[in-house]
Every structure is written in structure tokens, then in C-alpha cells.
There are 2 protein chains.
Amino acid sequence: MMTEVETRTASEQTRARLLDAAREVFSQHNFQGATVREICRRAEANVAAVNYHFGSKEGLLAEALNFSQLAALLTANVKADACPKIRLRLFLRDFMLMLLDEKNASSQCRIMARELADPTPALDKIVLEAIAPLHEFLGKLVREIVGDQIGETELRRCVYSIFGQCQFYRHSHPVLQRLHPKLRYDRKEIEAIAEHIAEFSLAGIEHLDKTQ
Amino acid sequence: MMTEVETRTASEQTRARLLDAAREVFSQHNFQGATVREICRRAEANVAAVNYHFGSKEGLLAEALNFSQLAALLTANVKADACPKIRLRLFLRDFMLMLLDEKNASSQCRIMARELADPTPALDKIVLEAIAPLHEFLGKLVREIVGDQIGETELRRCVYSIFGQCQFYRHSHPVLQRLHPKLRYDRKEIEAIAEHIAEFSLAGIEHLDKTQ
DNA sequence: TTTACTTTCAAACAGCCGTTTGATACGCTC
DNA sequence: GAGCGTATCAAACGGCTGTTTGAAAGTAAA
């Protein structure tokens, strides 16, 4: 019925507002630092709303995590009709935009990056749904570039080298701003960073390919 | 006098125990997660001891930070009589051992790595005394390798690429243990990681040197 | 209108936090 | 031993946390 739909959407509207506010706050503070009261304040909801709708603060974080945009990025890249090296460049560009662009609606990756250093019970879900697919994707891509000459261990370390470079710019943002106050992560800067990481990493990958 | 020395050392013994416990706890939890009560429990001191000796929890963290080992590493490397490439390998080996080896007494770098992602008022001191010298050191080292062909911006990004790889193994430790449970940071593994980062990075550096 | 159910709300709860307090014990000078 | 700073201690303080409660409001079916 009309009324039934209305009440359901009314309830789901506050649910959605809570999820939006949660993503915002969880991406700016770590799990301990993000308070239920601030999330509810931003969502214009009562403090009890979180526990009513999601059971707990942890439950809210778990439901706030949504990696559909990341998954879409990966599948689109796999389907792209381009050579592995160009696909690596494309991936790095899209991934860094997702990681660094403040304008980007996807705060998921920022929450993810934060969870890496400071595990919460939600980390298991993050590893399973986001990080493991990411590593698998990048592992296959690097394998396409280097062929079968290098071992699994060395391949994995190449993947780590790439992700390490990517995450550095997010993790160390507060430090970099102190060292170079004029630094801004606008679109042009992000694309330049992604280009650097691609050049740097392709050279590293192909070098290891030669020596082994 | 004898007695004067004894009382001073008695007081400084609890100071030292507090500092040791603080380094331990601050390297395992972030600033919010590390509690004064646990630090005092490990130091076998009263909860009031922190505020009595250091004024506040923040003051304790500030005094607990001591980068002499890191500074020694840098100066020793600068004085080493070796070509820049080998000095880079040496630095990476020593730095990764400092970062990853649980046996290593220096928890400073682990606190530092933690602070990167989660700034506290102590970050200013960390940047000034540890990170800025580190970046400056590595910048000069990379400059020695590439010559004057590449610009300051690109040079800085090479430094970021190297530090990013290093910090990845510390930041993502919880994740890597979930992805590969058999991973252990023993001395052999750490040295292999450092060797990989050196190979990977030298190729990246020299490639950028050629293309620019 | 009555009934039943879902959602919101102010208020309170229990627990931890960093910090302060005032008393107590200690070490040393005189 | 008296006097005096210093260091330690149990206890409490004020504040913030996530969560719970019970009443009130809102909605839809009878």
C-alpha cells in the first residue's frame, strides 16, 4: 500500500542518513575517535537511532562499508580492451582518484586505508570484500606484464610495492602537508602522482623480470 | 652527595620505567587507545605518576619519542665509504630492520609509523626531528644516483615511492597476516623485503632518470 | 475510535578516560 | 630527632563514551 511504502521509506531515510553520516565521520576519524553522537548529530537523528537500526556502532560501520564502486572499477578494468601496461596505468589513475580526491563521494577507500593501520572487527569484512580482490586483481595484472619468469613471492612483493606507493599519499597526508604546505590533492596533482607511480612501478617490475 | 644521587636516581628510575612502558604501549595502540592506566600498570607505578613526572599524557608521549637511533643510522650511512646505490641498499636494510623487527628495542619507528595516519599534537615534533631529516637524507641520496636530470617534484615523488613501500609492510601488517597467515617478520624475511624494495626502487629511479 | 506495531526521543546508565587531590611515606639537611 | 622538600599512593572528580530504557509520537489495520 501507499502508506506502507511511505513508512518504510521514512525509516529507511533515517537509515540512509545515518549511513551517509557514518561514512563521513569514519573516514575522518578512526573507529575510537568517531563518536556515535557526532554521527547522529550530522544525520539529524537521535543517539538511540544507531543502536535501533544497526544494533551497535560496529554494526553501523559494517553496513556503512560498501565496495561496489571499487568492484566496478576492477571489472571495468578487466574488461577493458588494452594491453596490461596501459591497464595498469588506467587502474592507478582511477584508484588514486578514488583514494585521494576529496570531491569523490567514495569515502570507502579512505575508511579502508584508515582501517589498515588500526584494525577493528570490521577489518575482516574489508579484507574479504575489498583488499583480497584488489590484491588478486593487481597480482594477475602484474603477472600478465612479467610473464612466468618470476616466483609468486616476488610477484606478491611487486603488488605490495605498488599498493605501498598508493597508500603512502593517503596515510602520510598530514605529514606531507607539514613538509610542503602548498600541496593540494586536486585532480591534476592526483593524475600526476598516478602517472609517477605507474612509471616507477613498471620500471621496477620489468627490471625484476629481467634479473630473474 | 651520595644520598642526593640515590634519590634522584630513584625518581628517575620510575621516570625511565614510565618511558619504557609508554614506548611499548604507544607502539601497540594509537594515542587514544593507549591508556595512562595501562602504561602505569606495566611500569608498576601509580596512575598519578604520569601527570606528576610529565604533566600529561601528551607530555609523556613527547618525552618518550627519541630518535637518536634513527639519527645514528643516517649519519653512519652518510659517512659510509660506498657508492650511492650501495648506500641506498644499506639504508633500506637498516631502516626495515628498525621498522619491522619486533626484537628491535626501537619502538620509535613503529610509533612514528602509527602517528603518520593518526596525527596527535606530538606529530609536529616527529616531523621536525625524524621525518624531515629522513626525507632530506633520502632526497640527497636519490639525487646522488640520478644526477641533476630530474626536477625537484619528481625527485620528491621518488622518495615518496621508497618510503611508501617501506611503510606498507608496517601499516598493512594486520592485513597481510590475514591474507598470508604464515608470514613472519624474522630477520631473513625483513632482509629479503629490503632487498626487493632496493631492486624495485633503483630500477624506478634510473628509469625516470633516462626518460627525463 | 480502538488496537497493534514501528519509530523517535529525552533521559539515564554503567564504564572508562585523563587528571586532581590530600594524605602518607621517604630521603636528606640541619 | 625535627624539619622540609620530594615522591608515591588510594581515592575521587568531571567528562565523555556506547548503550539501554520507557514513554511519547506516528502509522496502519480492525
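In the text below, chain A, chain B and the rest are named by the order of the sequence lines, each starting its count at 1.
Straight-line distance from the OH atom of Tyr52(B) to the P atom of dA23(C): 17 Å, rounded to whole Å. Atom C1' of nucleotide dT19(C) and atom CG of Leu60(B) are separated by 14 Å, given to the nearest angstrom. Atom CZ of Arg41(B) is separated from atom P of dC16(C) by 14 Å (rounded to the nearest Å). In this entry the distance linking CD1 of Ile39(B) with C1' of dT19(C) reads 14 Å, nearest Å. The CD atom of Gln13(A) sits 16 Å away from the C1' atom of dT6(C) (whole-angstrom rounding). To the nearest angstrom, P of dG18(C) lies 10 Å from CD of Glu38(B). The interatomic distance linking Phe54(B) (CZ) with dG18(C) (P) rounds to 15 Å, in whole Å. When rounded to the nearest whole Å, the span between NE2 of His29(B) and P of dG18(C) equals 12 Å.
The shortest distance between the side-chain N/O atoms of His53(A) and the OP1/OP2 oxygens of dT8(C) is below 4.0 Å. Residue Ser11(B) places no side-chain N or O under 4.0 Å from the OP1 or OP2 atom of dT6(D).
For Gln28(A), the side chain to side chain donor-acceptor pair (under 3.5 Å) test picks out Arg42(A), with sequence neighbours left out. Under the side chain to side chain contact (heavy atoms under 4.5 Å, CB included) criterion, Asp20(B) pairs with Arg23(B), not counting sequence neighbours.
Pairs of residues two or more places apart, or lying in two chains, that qualify as ring-ring contact (aromatic ring centres under 6.0 Å, His included) and include a residue from residues 172-198 of chain A are His173(A)-Tyr185(A), His196(A)-Phe200(A). Residue pairs meeting the ring-ring contact (aromatic ring centres under 6.0 Å, His included) criterion with at least one member in residues 58-79 of chain B: none, sequence neighbours excluded.
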Donor-acceptor pairs under 3.5 Å, side chain of residues 134-142 of chain B to any protein atom, not counting sequence neighbours: which ones?
none

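More than 12 heavy atoms of other residues, nucleotides or ligands sit less than 6.0 Å from atom CD of Glu191(B).
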task = Going 5' to 3' through nucleotides 9-21 of chain D, assign each nucleotide B (protein heavy atom under 4.0 Å from a base atom), S (under 4.0 Å only from sugar-phosphate atoms) or - (no protein heavy atom that close).
result = BBBB----BBBBB
